[in-house]
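As structure tokens, the structure follows; a few thoughts come after it.
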Amino acid sequence: MVPDEPAGVILDRLSSQITKCRRCTLWDGAKQGVPGEGNMNARVMFIGEAPGEQEDSLGRPFVGRAGKVLDSLLAGIGLSREDVFIANIVKHRPPGNRDPDPDEITACTPWLEQQIATIRPPLLVPLGRHATRYLLRRIGVEFVKITDISGTVFEGEPFGFPQKIIPSLHPAATLHNPLSREHLKEDFRKLGDLISEMENDARI
Ligand code: SF4
């Protein structure tokens, strides 16, 4: 890395490296890598699990049905995709949308770490249990059920500087489940409150 290199240059280089990555075998069954996208100065970063079929086809995160749910939740708290950065813990689609295995997560997350180190968002929102487990482990927190801890605010230095983490259910988990949908809306209501609080603190 060149000192004082602009964030956009670093993120573009990471995207290009991710598309050529062969650190695990997931690239073999995928059409392309899905590095992530959004505002390089984002104060909020959303982190999902892995690309699905639509994402694999288009090379963009959260563009299928779950992405539409995410767009609508973002709009509900006054945000758009242009305001935030959206990525996944695993950058190539697992076959048949299976869960990424621990070795794949270990192989892939250094890419995410570099994206976070470049953008330095003060707030991380893991979507679903895999991203939540990965982020909370970095501050020494283990959990059993995502529904027990979503909407809770955690603080720590998961990447060597202070950040807040507020886990949420994954939008895909709510597509056929009205109860989960209400839970997810509540997670985003708490997220909206936290963002307002952080903006007010920044003004003081
Ligand atoms: S999933 Fe991640 S580690 Fe595996 S090949 Fe793709 S970018 Fe590399």
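Side-chain atoms are counted along with the backbone in the values below, which use heavy atoms only and exclude waters and symmetry mates. Given the structure is predicted, the values throughout are model-derived calculations rather than measurements. Remember, it's 1-based here, ligands and their atoms both numbered in the order they're listed. All residue numbers in this chain count up from 1 along the given sequence.
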Q: Report, as a single number, the protein N, O or S atoms less than 2.8 Å from atom 2 (Fe) of ligand 1.
A: 1

Q.
Taking the side chain as everything from C-beta on, heavy atoms only, tell me whether R43 gets closer than 4.5 Å to L123.
A. no

Q.
If you define the side chain from C-beta out and look only at heavy atoms, does anything of Q163 sit under 4.5 Å from I116?
A. yes

Q. What pairs of residues pass the ring pair (Phe, Tyr, Trp, His ring centres under 6.0 Å) test when at least one of them lies in residues 59-88, not counting sequence neighbours?
A. F62-H170

Q. In terms of the angle between their ring planes, are F159 and Y134 parallel, tilted or perpendicular, with boundaries placed at 30° and 60°?
A. tilted

Q. Is there a path from I166 to L74 through hydrophobic residues (I, L, V, M, F, W, Y) whose side chains come within less than 4.5 Å of each other?
A. yes

**Q.** L73 and K185: CA distance, side-chain angles, deciding distance, side chain to side chain contact (heavy atoms under 4.5 Å, CB included) verdict
**A.** CA-CA 7 Å; L73 289 162; K185 277 190 197 161; 4.3 Å; yes

